Amino acid sequence: MNALTRPAVFVQPPPRLENLYLSDRLLVGLLRRKLPPDLYARLEAEFIELGALAAGPLAEQQRADRHNEPVLTQWDPWGNRVDSIELSPLWREAERVAVRFGLTAVPYERREAEWSRLRQFALVYLFHPVTDVYTCPLAMTDGAARTLLDSGNRALIDRAVPHLTHREPAQFWTSGQWMTESVGGSDVGRSDAVAEPGPDGVWRLYGKKWFTSAATSQMALTLARPAGNGPGGQGLAMFYVECRDATGQLDGIRVERLKDKLGTRKVPTAELTLDGTPARLVAGASGGTRAIEPMLKITRTWNSIAAAAFMRHGHRLAADYAMRRVAFGAPLAAQPLHRATLADLEAECAGAMLLAFQQAELLGREEAGVLDEDGVALLRLLTPLVKLVTGKQAVAAVSEAIEAFGGAGYVEDTGLPLLLRDTHVLPIWEGTTNVLSLDLLLRADVVRGVAALGRRIDAAVAGVGAGTSLAAAAAAAGAALRRAAAWLRAAGDADTRQAEARRFALTLGRCFELALLVEHAQALAPGADRAAVENLAQRFRRSGIDLLADDR
Ligand SMILES: Cc1cc2nc3c(=O)[nH]c(=O)nc-3n(C[C@H](O)[C@H](O)[C@H](O)COP(=O)(O)OP(=O)(O)OC[C@H]3O[C@@H](n4cnc5c(N)ncnc54)[C@H](O)[C@@H]3O)c2cc1C
């Protein structure tokens with residue numbers, strides 16, 4: 001065959017990444033809307049810098065790091081138990097970047113007052129998709145700082161918080177959160193690790209922690225039952241552990257093995273045996289499940305931002321690919337059904353993103369002491385709600401993004417399967433969908449929370465004129481909220497209500513996402529960006545808001 005008759009070599013065009021910040025019109029629009037203009041002007045360069053780093057060097061390193069995983073070495077050549085864990089190069093770089101951008105420092109420096117969490121989570125949103133879930137230890141580190149500060153334990157605050165929020169890599173610590181035992185993660189009150197008191201306020205912990213993701217951390221917050229305490233969560237106490245002794249050896253801790261997981265494979269999730277681990281009480285010798293709640297508020301917010309970030313990443317890759325991949329004589333982006341599929345996907349991404357950032361905004365306002373009573377009730381409702389709704393959306397959305405690549409999406413060295421596997425943890429850890437739905441339904445203040453949400457939704461859709469393109473979306477959000485509130489008020493037997501708890505929670509979350517889309521569209525100046533968000537709101541309305549409706 002000569003060169004003229006040989007068929008042309010076919011090469012599929014890979015998706016390309018543009019600056020993750022500048023190419024994200026929704027994020028730019030949201031931050032411009034939420035941050036005061038002078039503050040936005042000060043922060044913009046930082047967002048652009050991280051957006052460029054994420055789209056360029058970090059994404060490249062992520063691709064190069066594909067085969068690397070943490071390695072546990074339990075014994076040295078001379079028979080000493082060492083249990084050292086070597087992290088992947090990407091993770092070591094991710095830590096440097098995280099510390100440089102202050103991903104756990106920003107909310108505690110609080111230079112942006114009530115907007116500090118928005119700054120932080122905008123950075124996290126850009127960082128997350130290309131760092132193979134290094135956000136897991138960061139979330140727990142942030143959560144530990146918040147929990148220690150809320151505990152009021154001065155000695156531990158002074159000892160640990162400066163490290164957890166440091167901007168120098170050599171001084172920076174991460175923290176683990178060791179709650180799950182084999183008897184239960186959700187049912188944490190069954191934990192059977194025990195704590196024995198010792199001299200000088202140092203306790204000794206004994207037991208097995210079944211999932212501990214930040215196994216290389218310098219410290220951890222954990223739960224154990226002080227000897228003689230009663231059963232259940234109330235009988236547990238929260239302890240502070242420094243994992244290594246002065247010589248750098250693990251102190252009364254054995255790493256039995258690393259979990260062989262579906263995803264998050266860069267995360268060194270270990271099974272630990274605590275065998276006389278020195279520990280200090282953080283906030284009294286009981287009530288540990290309550291004392292550790294601030295940790296969950298923070299980690300669930302990180303989870304929600306991570307979910308939205310993975311969704312956006314899947315969509316941006318699929319949208320870019322659709323411009324290049326030709327099928328049936330035209331780029332995919334020109335095929336009406338593929339375009340509609342991507343637009344529906346984008347609507348889910350936008351709803352999840354606005355909801356996750358709403359949670360971040362409220363958290364920042366609470367920490368700055370400027371949240372009113374309604375806001376406090378709303379934040380309490382949203383913390384489990386936003387996590388469960390976005391976690392569920394993320395798996396579906398990323399799965400759709402993978403399908404948008406056809407066969408290429410299923411091939412490992414495109415990096416796309418990794419995205420789906422890593423996303424799949426988001427509905428599981430930090431509380432599963434069912435457990436959080438029940439947590440929401442059975443909490444004493446749910447009625448107040450739903451009332452506060454109703455007022456927030458009314459405010460979000462106020463001003464939408466009858467007959468405008470947003471009218472149907474505004475009406476659908478309000479109607480779904482009213483049905484959920486009526487369902488909550490209605491009497492019913494406990495089992496039936498529990499069985500419906502997930503539909504109740506998802507309805508609340510989806511109608512709020514729709515209302516936030518309407519609110520955002522209205523806030524934008526007339527033009528292409530506004531028209532795009534109006535279109536997303538209309539699409540979102542048609543993709544199922546009211547999951548309690550009789551005809552579902
Ligand atoms: C990769 C990874 C890393 C992790 N890292 C950590 C870590 O660092 N620290 C830590 O403490 N934990 C960690 N975990 C544990 C995680 O938080 C728990 O696995 C999770 O909370 C679920 O608990 P479980 O495994 O006990 O599941 P179960 O509670 O046994 O739940 C099993 C299923 O039953 C459902 N279910 C449970 N109770 C009810 C109910 N009453 N009604 C209806 N449905 C119900 C759940 O929704 C779930 O679908 C990690 C998990 C994973 C996968």
Side-chain angles (χ1 to χ4, degrees), residues 69-70 85 132-144 147 174-193 205 207-217 219-224 233 236 238-239 241 243 253 255-272 274 288-289 291-293 295-296 298-300 302-303 306 384 387-389 391-392 394-395 418 420-443 494-506:
E69 292 191 354
I85 298 172
D132 288 359
V133 202
Y134 186 72
T135 45
C136 165
L138 291 175
M140 295 190 287
T141 301
D142 186 352
T147 307
T174 58
S175 175
Q177 164 206 342
W178 304 342
M179 293 174 71
T180 305
E181 300 184 8
S182 53
V183 285
S186 317
D187 195 2
V188 75
R190 291 178 66 201
S191 301
D192 52 17
L205 308 186
K208 194 156 189 170
K209 294 293 173 180
W210 189 236
F211 275 95
T212 61
S213 277
T216 53
S217 290
M219 61 157 283
L221 295 181
T222 190
L223 298 176
L236 294 169
M238 178 167 67
F239 287 91
V241 171
C243 303
I253 299 168
V255 182
E256 302 299 358
R257 59 176 168 162
L258 296 181
K259 297 279 195 193
D260 186 7
K261 296 171 290 178
L262 169 70
T264 67
R265 294 188 69 92
K266 297 288 160 67
V267 182
T269 307
E271 292 167 20
L272 300 183
L274 307 184
T289 47
I292 209 161
E293 275 176 11
M295 166 74 94
L296 298 176
I298 301 296
T299 53
R300 286 173 184 166
W302 278 76
N303 204 90
K387 191 277 181 188
L388 82 90
V389 172
K392 247 2 214 178
V395 174
L418 171 78
L420 182 59
R421 284 198 301 269
D422 282 357
T423 301
H424 225 301
V425 82
L426 297 175
I428 296 175
W429 63 15
E430 308 303 342
T432 62
T433 312
N434 280 1
V435 166
L436 293 180
S437 299
L438 291 175
D439 176 53
L440 190 87
L441 177 64
L442 302 177
R443 58 177 48 198
D495 283 3
T496 310
R497 285 174 79 75
Q498 279 205 24
E500 293 274 277
R502 187 195 268 231
R503 285 176 180 276
F504 169 66
L506 291 172

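All heavy atoms count here, side chains included; hydrogens, waters and symmetry mates do not. The structure presented is a predicted model; accordingly, all values stated were derived computationally and were not measured. Residue numbers run from 1 in the order of the sequence given. Atoms within each ligand, like the ligands themselves, are counted from 1 in listed order.
The shortest non-hydrogen separation linking Thr147 to Ala291 is CG2-O, 3.5 Å.
Every ring-ring contact (aromatic ring centres under 6.0 Å, His included) that Phe504 has, sequence neighbours left out, goes to Trp487. Residues passing the salt bridge (charged side-chain N to carboxylate O under 4.0 Å, His left out) test with Asp132 are Lys266, sequence neighbours excluded. Under the side chain to side chain donor-acceptor pair (under 3.5 Å) criterion, Ser217 pairs with Thr174, sequence neighbours left out.
At least one side-chain heavy atom of Asp142 sits less than 4.5 Å from a side-chain heavy atom of Trp302.
Using a cut-off of 4.0 Å between Lys/Arg side-chain N and Asp/Glu carboxylate O, Asp260 and Arg265 are scored as salt-bridged.
Near ligand 1, Met140, Gln177, Trp178, Met179, Thr180, Gly184, Gly185, Ser186, Phe211, Thr212, Ser213, Lys261, Thr264, Thr269, Val425, Ile428, Trp429, Glu430, Thr432, Asn434, Val435, Leu438 each place a heavy atom less than 4.0 angstrom from the ligand.
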